[in-house]
Amino acid sequence: MLQIMNFSRCLARGTVLQRQLTRSVSTTAQNRVPPILNTGSRGSQATGINEIEADEQGISIRPAGIINHRKLPWIWLRDNCRCASCVNQDTQQRDVKTFEIEYPHDPKIKPLDVRQFNNEQRTVVVNWADGHESTYDPGFLTHYLNADSRPDSIPPPSSIEQWMASGPKEEPIVQYEDVMKSDEGVGRLTDLIRKKGFAFVDGTPYEDPEHTKNLLERIAFIRATHYGGFYDFTADLAMADTAYTNIALPAHTDTTYFDDPAGLQAFHMLSHEPDSTSSKSTDLGGESLLVDGFKAASLLREQSPEAYAILKTLRLPWHASGNKGIAITPELTYPVIETRPGDDGQLFRIRWNNDDRGVVPFHSEISTEAWYAAAKKWNSLLEAKEMQYWVKLQPGRTLIFDNWRVMHGRSAFTGKRRICGAYINRNDYISRWKTLNYSPEDVRRMNIGV
Ligand SMILES: C[N+](C)(C)CCCC[C@H](N)C(=O)O
Ligand SMILES: O=C(O)CCC(=O)C(=O)O
Ligand SMILES: [Fe+2]
């Protein structure tokens with residue numbers, strides 16, 4: 001039986017909807033909505049909705065097992081209405097005139113009633129005084145009752161595989177033709193990178209670097225920097241950077257000098273031939289080093305929580321200054337190790353290139369010597385044999401890695417060594433990974449939090 005108190009005007013509406021309705025609530029707290037299971041596919045577990053309470057401020061849904069009584073304010077509900085007149089159906093952008101709503105009590109958005117339907121989605125409907133009707137997926141509502149922000153578009157920590165000198169359990173390989181011929185191939189490639197930090201694309205044609213460029217553009221458009229867009233380089237100091245030499249490079253991440261370092265980096269060794277500088281007998285060198293920065297940070301946290309805290313806290317300047325007319329530094333300073341907000345402090349980004357690091361600033365709580373001691377511990381981890389995964393890149397095998405997690409380096413070399421590749425923005429890569437590895441519904445929720 002419909003119990004609609006203080007919502008006199010919609011009584012007529014109530015009879016029309018009655019046959020579909022399982023229940024509605026009034027602003028008085030004593031109305032309890034018997035438990036129903038929320039079939040919303042929010043996150044990994046269905047959240048049972050026990051009861052909906054509505055009052056002058058908003059509605060609270062007491063999900064099964066959750067005791068918090070967070071109330072979802074009316075203005076928040078109206079602002080997040082997803083109906084065709086509140087969301088531009090062509091662009092998914094908000095059409096709601098948020099700031100025409102008088103806050104906090106606008107007679108226009110006074111709710112006349114809140115209902116839960118007995119349909120598949122168990123949708124919750126709010127009828128507003130101005131005649132507007134908003135429909136909500138209970139999974140969306142219960143998510144925000146449990147969380148302070150939109151669902152993360154990150155794989156659960158359990159699926160992020162950290163590795164050491166032997167690399168991931170299974171070598172992360174995707175075939176070039178799979179990536180070129182289908183989005184399924186791109187989905188597998190981006191998911192391997194997301195979970196293992198890097199992947200190889202085997203069978204990449206190497207006669208013409210264009211194939212490598214086309215491969216990388218299957219993920220997302222290439223990010224241009226002062227090194228150009230798609231890069232194809234040898235040890236000729238074409239640019240004033242040690243990458244364009246043949247010296248050994250220790251483990252580092254690239255583009256530490258941008259506020260937003262490149263999300264992905266790729267290397268495809270096109271050729272490596274002896275030249276007059278190479279002695280016939282010894283090998284030419286130029287092996288590639290990969291170090292899992294998340295593994296290193298996890299070990300540092302275990303072995304020396306203080307050093308970990310210091311590298312997480314003290315923010316540093318970084319720079320790219322070698323090339324004429326180029327003087328790039330991030331606008332903010334950044335620590336070596338960054339974690340996501342929240343007390344589980346999931347690792348978010350590693351920024352490490354001791355050659356491009358600026359001057360360690362003096363800090364009110366952290367002594368400079370303490371930072372150097374912590375950085376020394378960090379560096380010893382990166383130099384430890386058991387942390388170093390070495391690969392000899394070959395023509396045909398393109399390496400693509402997460403430059404926010406995996407550090408790269410190389411051994412010194414002789415001969416003529418030619419590498420091509422590119423950077424790709426973090427958000428463009430994550431967008432591609434999301435859209436190819438999650439349902440449109442889940443992507444929508446992750447992206448707009450609804
Ligand atoms: C050749 N390639 C463009 C890939 C790199 C150029 C040098 C990158 C610089 N040392 C850094 O760490 O960001
Ligand atoms: O030559 C290599 O293997 C990599 C050099 C490097 O660190 C880079 O190009 O970013
Ligand atoms: Fe590099």
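Order of listing sets the numbers, starting from 1, for every ligand and every atom in it.
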Check each atom of ligand 1 against the heavy atoms of Y257 and keep those under 4.0 Å away; list them by number with element. 8 (C), 9 (C), 11 (C), 13 (O)
Verify, without hydrogens or angle tests, whether W163 (side chain) and D292 (backbone) share a donor-acceptor contact under 3.5 angstrom. no
Show your reasoning for whether salt bridge (charged side-chain N to carboxylate O under 4.0 Å, His left out) applies to D183 and R218. CA-CA 8 Å; D183 275 355; R218 285 286 290 145; 3.2 Å; yes
I need the contact type for Q265 against ligand 1. Using non-hydrogen atoms and a strict under-4.0 Å cut-off, is it side chain, backbone, both or neither? side chain
Could you tell me, atom by atom, which parts of ligand 1 come under 4.0 Å of a heavy atom of N353? 12 (O)
Any nitrogen or oxygen of R410, main chain or side chain, under 3.5 Å from a nitrogen or oxygen of ligand 2? yes
Using a strict cut-off of 4.0 Å, indicate which atoms of ligand 2 neighbour a heavy atom of Q265. 8 (C), 10 (O)
Distance, nearest 0.5 Å, that separates CZ of R82 from OG of S85: 12.0 Å
So is Y231 close enough to ligand 2, meaning a heavy atom under 4.0 angstrom away? no
Of all protein heavy atoms, the one nearest atom 3 (O) of ligand 2 is R417 NH2, 2.8 Å
Please check whether Y423 reaches ligand 2 - meaning an N/O of the residue sits under 3.5 Å from an N/O of the ligand, judged on distance alone. no
Of the backbone atoms (N, CA, C, O) and the side-chain heavy atoms from C-beta on, which set of D356 has a member under 4.0 Å from an atom of ligand 1: side chain, backbone, both, or neither? side chain
Can R223 be said to sit on top of F258's aromatic six-ring, NZ or CZ under 6.0 Å from centre and within 45° of the ring axis? yes
Are the ring centres of W433 and Y438 closer than 6.0 Å? yes
Degrees at the Fe ion (ligand 3) between the NE2 atom of H252 and the OD1 atom of D254, nearest 10°: 90°
Those atoms of ligand 1 less than 4.0 Å from some heavy atom in Y244: 1 (C), 3 (C), 6 (C)
Starting from atom 10 (O) of ligand 2, what is the nearest protein heavy atom, named by residue and atom, and what distance separates them? D254 OD2, 2.7 Å
What atoms in ligand 2 come closer than 4.0 Å to a heavy atom of L249? 5 (C), 6 (C), 7 (O)
May I ask you to list the atoms of ligand 2 that are less than 4.0 angstrom from any heavy atom of H252? 7 (O)
Parallel, tilted or perpendicular: which one describes the rings of H226 and Y257, with boundaries at 30° and 60°? perpendicular
Is the ring pair F198/Y389 parallel, tilted or perpendicular, if the boundaries are 30 and 60 degrees? tilted
Between F140 and W76 (judged by ring centroids, cut-off 6.0 Å), do the two rings come close enough to count as a pair? yes
Could you list the atoms of ligand 1 found under 4.0 angstrom from a heavy atom of T255? 11 (C), 12 (O), 13 (O)
Step-by-step side chain to side chain donor-acceptor pair (under 3.5 Å) determination, Y423 to D254: CA-CA 9 Å; Y423 295 126; D254 262 27; 2.6 Å; yes
Parallel, tilted or perpendicular for F401 and H408, by the 30°/60° rule? tilted
Side chain, backbone, both or neither: which part of D254 comes within less than 4.0 Å of ligand 1 when only heavy atoms are counted? both
Could you identify the single nearest non-hydrogen protein atom to atom 9 (C) of ligand 1 and state the distance to 0.1 Å? D241 OD2, 3.4 Å
re atom 4 (C) of ligand 2, the protein heavy-atom contact at minimum distance is F267 CZ, 3.6 Å
CA sep, side-chain torsions, deciding dist, call: E161, K196, salt bridge (charged side-chain N to carboxylate O under 4.0 Å, His left out): CA-CA 5 Å; E161 180 190 348; K196 298 173 188 282; 2.7 Å; yes
Looking at OG of S367 and CD of E369, how far apart are the two atoms once the value is rounded to the nearest 0.5 Å? 4.5 Å
Would you mind checking which non-hydrogen protein atom is closest to atom 5 (C) of ligand 1, with the distance to 0.1 Å? Y423 OH, 3.4 Å
Under-4.0 Å heavy-atom contact with ligand 2, by part of I419 that carries it: side chain
